[in-house]
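Down below is the structure, laid out as structure tokens.
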There are 2 protein chains.
Amino acid sequence: MVRFTKKVEYALISLRHIANAKDEIITAKQISNKFNIPYELLAKVLQKLKKEKILESNQGVNGGYKLIKQLNEISLSSLIDVIEGKLAIVECLHEKDINDCFISDTCNIKSPINKMQYELENLLKHKMVSDFV
Amino acid sequence: MVRFTKKVEYALISLRHIANAKDEIITAKQISNKFNIPYELLAKVLQKLKKEKILESNQGVNGGYKLIKQLNEISLSSLIDVIEGKLAIVECLHEKDINDCFISDTCNIKSPINKMQYELENLLKHKMVSDFV
DNA sequence: TTAAATACGACTATATTAGTCCAGTTTATA
DNA sequence: TATAAACTGGACTAATATAGTCGTATTTAA
């Protein structure tokens, strides 16, 4: 299947929302309430965005999140990477697997799949979160 | 995650192999052996390709499969459709779900996701199985 | 009549995704 | 300085999707 995960969806929704709020600090709870997203799950997504320096956080009362990157600096590809690790359209393109594929010799779609991977990555790389308007 | 399923992989491998064999009839067992693909699973994939008139089959001794479409007439998009049903990058784009999304009013990424869906479909629609060479 | 093939539904196993629980830490402010 | 509001983070469970298996039926060349 070719589908974005909920986590990526939640990240997009959150980034849009935080960006719209300008410099106002936004809490996980606000987003969770407004968009009916499970709080704990959302919190984890935001934490990842923070680790990648897309968001900045303040703890404690009046704490919350603020954007420190422009939405047009964040590609969909990097967002997916951040949230669910490097994308690979088939198992065998994951680095760890590349050597223990046991049909590798006979496999007749290796190089085309590589090309496809490249094109897909390219699409996602040039698709910025800001395009999502 | 954005990944092709094994079934789609197996379909690609099979189509390539059958196409390479020219007019020779190929059995599921041959493909299963050569590429180490579980026989029963492969059989089901081939049956789907048959139902979609991509392959033609003969039962009984000396039976097997033959291509009845050119590889350049089969888009990746249609192949995925055949094998795992209509693709949607997020749940809410599945027709059955479209009316029971309960953040639909507040959702701030509806239209961008639609555009993304369109672009991805477009990429897959113009990517033919024959491109996989 | 038999063996080699496809056809197909029901089932089980495994992996991934989604969501929950709980115990922290930080910090403004009453 | 106590408290409540917020983030942090690990371990867990639940739900779903994918992968694979089993059994039985049907077809057909030799």
Side-chain angles (χ1 to χ4, degrees), chain A residues 1-11 13-14 18 24-33 35-52 54-66 80 83-92 94 96-97 103, chain B residues 1-11 13-14 18 24-33 35-52 54-66 80 83-92 94 96-97 103:
Chain A
M1 196 173 302
V2 181
R3 176 176 294 189
F4 294 165
T5 60
K6 292 276 181 195
K7 285 184 189 172
V8 171
E9 239 184 288
Y10 296 160
I13 290 176
S14 300
I18 296 173
E24 200 185 331
I25 283 186
I26 300 291
T27 68
K29 183 165 262 174
Q30 288 172 329
I31 299 176
S32 156
N33 285 338
F35 299 101
N36 259 293
I37 299 172
Y39 173 78
E40 309 280 355
L41 188 52
L42 177 65
K44 299 224 152 90
V45 169
L46 297 177
Q47 278 162 38
K48 282 191 179 169
L49 295 179
K50 183 226 165 152
K51 274 195 192 137
E52 289 301 312
I54 290 170
L55 296 177
E56 184 174 78
S57 73
N58 297 111
Q59 277 185 301
V61 173
N62 297 336
Y65 295 94
K66 221 170 62 178
I80 293 175
I83 289 172
E84 49 196 28
K86 201 89 189 87
L87 150 169
I89 56 169
V90 291
E91 230 176 275
C92 65
H94 271 132
K96 69 176 178 69
D97 298 318
I103 70 158
Chain B
M1 196 173 303
V2 181
R3 176 178 294 191
F4 294 166
T5 60
K6 292 279 182 193
K7 285 184 190 174
V8 171
E9 240 184 288
Y10 296 160
I13 290 176
S14 300
I18 295 173
E24 201 186 330
I25 281 186
I26 301 290
T27 68
K29 183 165 261 175
Q30 289 173 329
I31 299 176
S32 156
N33 285 337
F35 298 101
N36 258 294
I37 300 171
Y39 173 78
E40 310 279 355
L41 189 52
L42 176 65
K44 297 225 154 84
V45 169
L46 297 178
Q47 279 160 38
K48 281 190 179 170
L49 296 179
K50 183 230 167 147
K51 273 195 193 134
E52 289 301 312
I54 290 171
L55 296 177
E56 184 176 76
S57 73
N58 297 112
Q59 276 186 300
V61 173
N62 297 335
Y65 295 94
K66 220 168 66 180
I80 293 175
I83 288 171
E84 50 196 28
K86 201 87 190 88
L87 151 168
I89 56 170
V90 291
E91 230 177 277
C92 65
H94 271 133
K96 69 173 179 68
D97 298 319
I103 71 159

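Residue numbers begin at 1 in each chain, while the letters A, B, ... track the order of the sequences. These values consider heavy atoms only, across backbone and side chains, with no hydrogens, waters or symmetry-generated copies.
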Query - Donor-acceptor contact present, side-chain B:Gln30 to main-chain B:Thr27, <3.5 Å - result: yes
OH of B:Tyr10 to CG of B:Leu42, rounded to nearest 0.5 Å, is 9.0 Å
Quick one: does any side-chain atom of B:Ser32 pair with a main-chain N or O of B:Ile37 as donor and acceptor, under 3.5 Å?
yes
One should read off an interatomic distance between B:Ile18 CD1 and B:Tyr65 OH, to the nearest 0.5 angstrom, of 8.5 Å
When rounded to the nearest 0.5 Å, the distance separating NZ of A:Lys7 from OG of A:Ser14 is 13.5 Å
Exercise for review: Examine D:dA5: is either OP1 or OP2 under 4.0 Å from a nitrogen or oxygen in the side chain of A:Lys29? Give yes or no.
Suggested key: no
query = Does B:Lys51 make a side-chain N or O approach to OP1 or OP2 of C:dC8 shorter than 4.0 Å?
reply = yes
Heavy-atom contacts, protein to nucleotides 20-30 of chain C, under 4.0 Å, summarised as B (base), S (sugar-phosphate only) or - (none) per nt, yield BBB--BBBBS-
Atom CD1 of B:Ile83 and atom P of D:dG20 are separated, to the nearest Å, by 14 Å
Whole-Å distance, A:Lys66 NZ to D:dA6 C1', equals 16 Å
d(B:Ile80 CD1, B:Phe4 CZ) to nearest 0.5 Å is 4.5 Å
Rounded to whole Å, CZ of B:Phe4 lies from C1' of D:dA17 at a distance of 17 Å
Next on the checklist: Below the 4.0 Å mark, does C:dA7 have OP1 or OP2 next to a side-chain nitrogen or oxygen of B:Ser57?
Outcome noted: yes
Sugar-phosphate only, base, or nothing, as touched by B:Ala43 at under 4.0 Å among non-hydrogen atoms: nothing
A:Leu42 atom CG is separated from C:dT17 atom P, nearest whole Å, by 19 Å
